[in-house]
Amino acid sequence: MSSAVDVSFLPDPARITSIARESDDTRSLVLEPAGEASPAWLRAAPGQFVFLSLLGVGEAAFTISSWQAGAPPTRDIVLTVRRVGRLTSAVFALRPGDTVGVRGPFGRGFPDWPAHAGVTFVAGGCGLAPLRAAIEARIATRAAAAPVTVVYGAREPGTRIFRADLDRWRAKPGVTFYDCVERPDAACRGAVGDVCDALEPALASRPTPFAAVCGPPAMMSAVALRLARTGGPP
């Protein structure tokens, strides 16, 4: 019997170069390969995911939320983590300079939508993390007249993530932005409701033939039903 180890299943070491606080329970980690970046790492696309591991703790899957330029020709990936259990709590104890294990990327990623087609992105809570890179790529590569609609819902104002990105997308020509919170605080001036409530005016004003949706399963199911009623493809 062979004792050879399939190295494709072994994690590669990656260093944490910086950590950003997104909300009370969410952090974004910028990771750079500790050695030479693999070809798969360099080919990573929006929507793909990696397995993040900590020795003695465990491993879990996280979608790449964005990239940062690295040098020489590597791209540092960003993983956005919400603290929900043992592994993510251990991740929250890490500091820049610490090393983690990374396997991947895996998955097919988002499709190449036609350049002139409109695309609607619908996210609930930290479901915005898997869509973030796709939104950035779509804004950068679409035809000039192709509309982009972003619909984002959060439980409370303090749980919203990527706030600088939200403001930047809102200001982009051709981008329509709708957001809401379910439980507003005294300072909240925006719309109140769930993601489906925010989706209704988006569909009424500018329906698109394509959509990408991420969030809790019940939210995705409800959003999919509403999108299907607009005549979009299943």
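- The side-chain heavy atoms of D12 and P33, taken from C-beta on, include no pair separated by under 4.5 Å.
- The hydrophobic cluster around V78 extends to V30, counting ILVMFWY residues whose side-chain heavy atoms fall within less than 4.5 Å of a member.
- Scanning for salt bridge (charged side-chain N to carboxylate O under 4.0 Å, His left out) contacts around R27 gives an empty result, with sequence neighbours left out.
- Atom CD1 of I19 and atom CG of L29 lie 4.5 Å apart (nearest 0.5 Å).
- When all heavy atoms are compared, the tightest approach of P216 to G124 is CD-O, 4.0 Å.
- Between F162 and S65, some side-chain heavy-atom pair lies under the 4.5 Å cut-off.
- Annotation: salt bridge (charged side-chain N to carboxylate O under 4.0 Å, His left out) contacts of R43 (sequence neighbours excluded): none.
- The backbone N or O of P217 lies less than 3.5 Å from no partner atom in the side chain of S221, so there is not a single donor-acceptor pair.
- Considering every non-hydrogen atom in both L54 and L94, the closest pair reads CD2-CD1, 3.9 Å.
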K172 and V148: CA distance, side-chain angles, deciding distance, side-chain contact (heavy atoms from CB on, under 4.5 Å) verdict: CA-CA 10 Å; K172 290 280 188 180; V148 172; over 6 Å; no
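- Contact record, V181 with P157: CG1-N, 3.8 Å, taken as the closest heavy-atom pair.
- The side chain to side chain donor-acceptor pair (under 3.5 Å) pairs that include a residue from residues 109-118 number zero, where partners must be two or more places apart or lie in different chains.
- Partners of D165 according to the salt bridge (charged side-chain N to carboxylate O under 4.0 Å, His left out) rule, which considers only residues two or more places apart in sequence or in another chain, are R132, R168.
- The side-chain heavy atoms of V119 and T149, taken from C-beta on, include no pair separated by under 4.5 Å.
- The nearest pair of heavy atoms linking L131 to A123 is CD1-CB, 3.7 Å.
- Here the side chains of T208 and L203 are not in contact, with every heavy-atom distance at 4.5 Å or above.
- With sequence neighbours excluded, no residue forms a ring-ring contact (aromatic ring centres under 6.0 Å, His included) with Y152.
- Remark: side-chain polar atoms of R155 are not paired, donor with acceptor, to backbone N or O of G125 under 3.5 angstrom.
- Shown here are the side-chain hydrogen bond (donor to acceptor under 3.5 Å, both in side chains) partners of S28, two or more places apart in sequence or in another chain: E22, T80.
- With a 4.5 Å cut-off on side-chain heavy atoms, V102 and P11 do not count as touching.
- Scanning for salt bridge (charged side-chain N to carboxylate O under 4.0 Å, His left out) contacts around R21 gives D24, with sequence neighbours left out.
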Audit row: L166, V150, side-chain contact (heavy atoms from CB on, under 4.5 Å) steps and yes/no: CA-CA 9 Å; L166 300 179; V150 179; 5.5 Å; no
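- Between the OG1 atom of T26 and the CZ atom of F92 there is a distance of 6.0 Å, given to the nearest 0.5 Å.
- Partners of F62 by ring-ring contact (aromatic ring centres under 6.0 Å, His included), not counting sequence neighbours: none found.
- Judged as a side-chain contact (heavy atoms from CB on, under 4.5 Å), and not counting sequence neighbours, the contacts of V84 are R82, T88.
- Residues L31 and A14 approach most closely at CB-CB, 4.3 Å, considering heavy atoms.
- Rounded to the nearest 0.5 angstrom, I139 CD1 and W169 CH2 are separated by 7.0 Å.
- When side chains are defined from C-beta on, V175 counts as touching R142, because their heavy atoms get closer than 4.5 Å.
- The backbone N or O of D194 sits less than 3.5 Å from a side-chain atom of D197, completing a donor-acceptor pair.
- S205 and Y178 share a side-chain donor-acceptor pair at under 3.5 Å.
- With sequence neighbours left out, the side-chain contact (heavy atoms from CB on, under 4.5 Å) criterion links S89 to R83.
- The structure places CD1 of I16 at 8.0 Å from OG1 of T99, a figure rounded to the nearest 0.5 Å.
- Two residues are said to be in side-chain contact when any heavy atoms from C-beta on lie closer than 4.5 Å; V151 and F121 fail this criterion.
- Between C126 and I161 the shortest heavy-atom distance is CA-CD1, 3.9 Å.
- Atom CG of L55 is surrounded by 12 or fewer heavy atoms from other residues, nucleotides or ligands within 6.0 Å.
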Audit row: V100, S53, side-chain contact (heavy atoms from CB on, under 4.5 Å) steps and yes/no: CA-CA 6 Å; V100 298; S53 61; over 6 Å; no
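- Looking at heavy atoms from C-beta onward, R160 lies in side-chain contact with D179 at the 4.5 angstrom threshold.
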Name every donor-acceptor pair, under 3.5 Å, that has one atom in a side chain of residues 44-51 and the other anywhere in the protein, sequence neighbours excluded.
unit_1, atom_1, unit_2, atom_2, d
Q48, OE1, A45, N, 2.8
Q48, NE2, G107, O, 2.8

